[in-house]
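Below is one structure; the comments refer to it alone.
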Amino acid sequence: MRNVVIVGTGPAGLTAAVYAGRANLNPLLISGPLPGGLLTQTSDVENFPGFPEAVNGYELMTKMQEQASHFNVEFLSETVESAELKPGGPHKLHLSSGETVECRALIVAVGSSPRWLGLESEEAFKNRGVSACATCDGAFYRGLPVVVIGGGDSAMEEANFLTRFASEVTVIHRRDALRASKIMADRAMNNPKIKFVWNSVVTEVFGENEVDGIKVRNVQTGEESVINCKGVFVALGHVPNTKAFAGQLDMDETGYISLEGATSRTSMEGVFAAGDCADKRYRQAITAAGMGARAAIDVERWLEE
Ligand code: NAP
């Protein structure tokens, strides 16, 4: 049986691995379906401390993995399909290979995935004009028109943030009322650089090598129109990748793992969580890394006890 298993290799999982490795816990790190996590899919990361010239997301995650490998961390390229958790352990993880791993302490750092529209053209322009992260990619659109799709708080936040760079921001929402909280909605509505296209869905993203615009359809009139833009920000919310642990760990109604106070402890003794799968609010590489460090420290203390 392993002392510690960490599931997920984004900034939370890899930072937890560095800490647990340095504490001589010989952690096993299970990569998940996207080794390195969401950050591997972004281009330049300009807001991770220590990289004044910015760092490519893939390179940053490769460096984190290399750092973890210096501390007796064992890597397993696998996906957890389901889990059998027991208060105080041992916990069993069933992997996609059919293998089962048992551990005393478990750190769940499985991250979240952006919700996408599901269009072929959206997929084709991902990271070349289509993004799900204004904080990551907004600065690339200085002086250019962009669109934001969605009507929730994330969409309003992204739209407001993008007005720092973009020449104009058009929000496309499928209804005639926003889901966003009043304060966030008012802020966006009162921003002169933001305009709204209501009752509309995006049917296509088009362009040659880069995005030139989108096609939208009014769901009430059926009318089709074109909006010229260079950036398309999809803000339909995130989906935490916590399905394998559903029903065993307390989660909110959207699947984010609930933590005990300011710790990384979940509702199951001996199971800890870190990063985006337990963080609806911040969802940044640096906050995930911080949560990973906390989880490893909590595990070390819990095992000692
Ligand atoms: P959300 O509240 O679930 O909103 C998602 C938005 O995307 C909704 O407007 C929804 O439309 C739209 N949408 C979903 N699927 C779609 C599709 N296939 N096609 C077109 N539109 C689609 O997600 P969120 O905005 O990420 O917020 C999640 C949680 O985080 C909320 O509790 C929010 O308050 C919180 N949050 C807070 C802040 C803040 O306070 N600063 C910032 C961000 C997020 P409908 O409205 O028609 O369903």
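Everything quoted here is computed from the prediction, not taken from an experiment. Atoms within a ligand are numbered from 1 in the order they appear, just like the ligands themselves.
Those atoms of ligand 1 that come under 4.0 Å of a heavy atom in G237, given as number and element, are 23 (O), 26 (O). Residue R175 approaches ligand 1 through these ligand atoms, each under 4.0 Å from one of its heavy atoms: 45 (P), 46 (O), 47 (O). Residue K280 has at least one heavy-atom neighbour below 4.0 Å for each of these atoms of ligand 1: 29 (C).
Within a 4.0 Å radius of atom 31 (C) of ligand 1, the protein has no heavy atom. Of the protein's heavy atoms, none falls inside 4.0 Å of atom 28 (C) of ligand 1.
Contact of the R2 side chain with the V101 side chain is registered, since non-hydrogen atoms from C-beta on lie closer than 4.5 Å. Residues L38 and P114 are in side-chain contact: their nearest non-hydrogen atoms beyond the backbone lie under 4.5 Å apart. Between L28 and I6, every side-chain heavy-atom pair lies at or beyond the 4.5 Å cut-off. Within the 4.5 Å cutoff, the side chain of V271 has heavy atoms near those of the L249 side chain. At least one side-chain heavy atom of V108 sits under 4.5 Å from a side-chain heavy atom of C277. Residues T40 and L34 form a side-chain contact, since some pair of their non-hydrogen atoms from C-beta on lies under 4.5 Å apart. Side-chain contact between E122 and W116 is present, with at least one heavy-atom pair separated by less than 4.5 Å.
Comparing G151, A177, A235, P114 against atom 9 (O) of ligand 1, the shortest heavy-atom distance belongs to G151. When the heavy atoms of R174, R179, R281 are ranked by distance to atom 11 (O) of ligand 1, first place goes to R174. Taking only non-hydrogen atoms, the option from I183, V219, D153 nearest to atom 35 (C) of ligand 1 is D153.
Considering backbone and side-chain N/O of I149, none are found under 3.5 Å from N/O of ligand 1. Residue E157 has at least one nitrogen or oxygen atom sitting less than 3.5 Å from a nitrogen or oxygen atom of ligand 1, judged on distance alone. Considering backbone and side-chain N/O of S154, one or more are found under 3.5 Å from N/O of ligand 1. Annotation: W116 places no N or O atom under 3.5 Å from an N or O atom of ligand 1; distance criterion only. Polar contact check, G152 against ligand 1: a nitrogen or oxygen pair lies under 3.5 Å apart.
Heavy atoms of H173 approach ligand 1 to within less than 4.0 angstrom. At least one heavy atom of M184 sits under 4.0 Å from some atom of ligand 1.
In this structure, R22 is positioned above the aromatic face of F71, its NZ or CZ under 6.0 Å from the six-membered ring centre and within 45° of the axis.
M156 pairs in a side-chain contact (heavy atoms from CB on, under 4.5 Å) with only one of the listed residues (V148, I194, I183, V171), which is V171.
Checked against the 6.0 Å centroid criterion, the rings of F233 and F161 do not qualify as a close aromatic pair.
Nearest protein neighbour of atom 7 (O) of ligand 1, counting heavy atoms only, is L236 CA, 3.5 Å.
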